[in-house]
Amino acid sequence: MADRIGSLTPGKRADVVVLDPGTLNFAPRFDWTGRIVLNGQPPNVREVYVDGRLRAAARVRAA
């Protein structure tokens with residue numbers, strides 16, 4: 001399966017979640033893994049890719 005999965009490489013399958021780290025619930029900005037696990041919320045999700053294809057994208061509000 002290593003030829004199909006295991007890294008973010010062109011031609012391989014991937015599931016990826018893109019987060020917005022600029023939100024207040026991720027402060028202070030150290031220990032990113034802990035911040036995501038303990039404070040991550042659905043509004044932080046910007047995009048979701050399943051099998052390398054965009055499946056969901058957040059609507060970005062104008063400031």
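Start at 1 with the first residue, then count along the sequence.
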Asker: Is there a side-chain contact between Ile36 and Thr33, using heavy atoms and a 4.5 Å cut-off?
Answerer: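 They are not in contact (no side-chain heavy atoms under 4.5 Å apart), so the answer is no.
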Asker: Looking at Arg55, I'd like to know if its CZ atom is crowded, meaning that more than 12 non-hydrogen atoms belonging to other residues, nucleotides or ligands lie closer than 6.0 Å.
Answerer: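 Enclosed: over 12 neighbouring heavy atoms sit under 6.0 Å from CZ of Arg55.
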Asker: Looking only at non-hydrogen atoms, find the nearest pair between Val18 and Tyr49 and report the distance.
Answerer: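 Taking Val18 first and Tyr49 second, the nearest heavy atoms are CG2-CE1, 4.1 Å.
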Asker: Tell me, yes or no, whether the heavy-atom count around Leu38 atom CG, taken from other residues, nucleotides or ligands under 6.0 Å, exceeds 12.
Answerer: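 Yes - once you tally the heavy atoms of other residues, nucleotides and ligands closer than 6.0 Å, there are more than 12.
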Asker: Tell me the closest heavy-atom pair linking Asn39 and Asn25, and the distance in Å.
Answerer: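 Closest pair (atom of Asn39, atom of Asn25, distance): O-ND2, 2.6 Å.
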Asker: Under the side-chain hydrogen bond (donor to acceptor under 3.5 Å, both in side chains) rule, what pairs show up with a residue in residues 7-22, not counting sequence neighbours?
Answerer: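 Output for this query lists Ser7-Thr9, Ser7-Lys12, Arg13-Asp51, Asp20-Arg46.
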Asker: Share the residues that join Ile5 in a hydrophobic cluster, the rule being Ile, Leu, Val, Met, Phe, Trp or Tyr side chains under 4.5 Å apart at the heavy-atom level.
Answerer: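 Its cluster mates, by chain and number, are Met1.
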Asker: Applying a strict under-4.5 Å side-chain criterion to I, L, V, M, F, W and Y, I'd like to know whether Trp32 and Val16 cluster together.
Answerer: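 They do not share one cluster, since no chain of ILVMFWY contacts under 4.5 Å joins Trp32 to Val16.
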Asker: Report yes or no: do Leu54 and Leu8 belong to one cluster of Ile/Leu/Val/Met/Phe/Trp/Tyr joined by side chain heavy-atom distances under 4.5 Å?
Answerer: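 Yes, because Leu54 and Leu8 connect within a single hydrophobic cluster, where side-chain heavy atoms sit under 4.5 Å apart.
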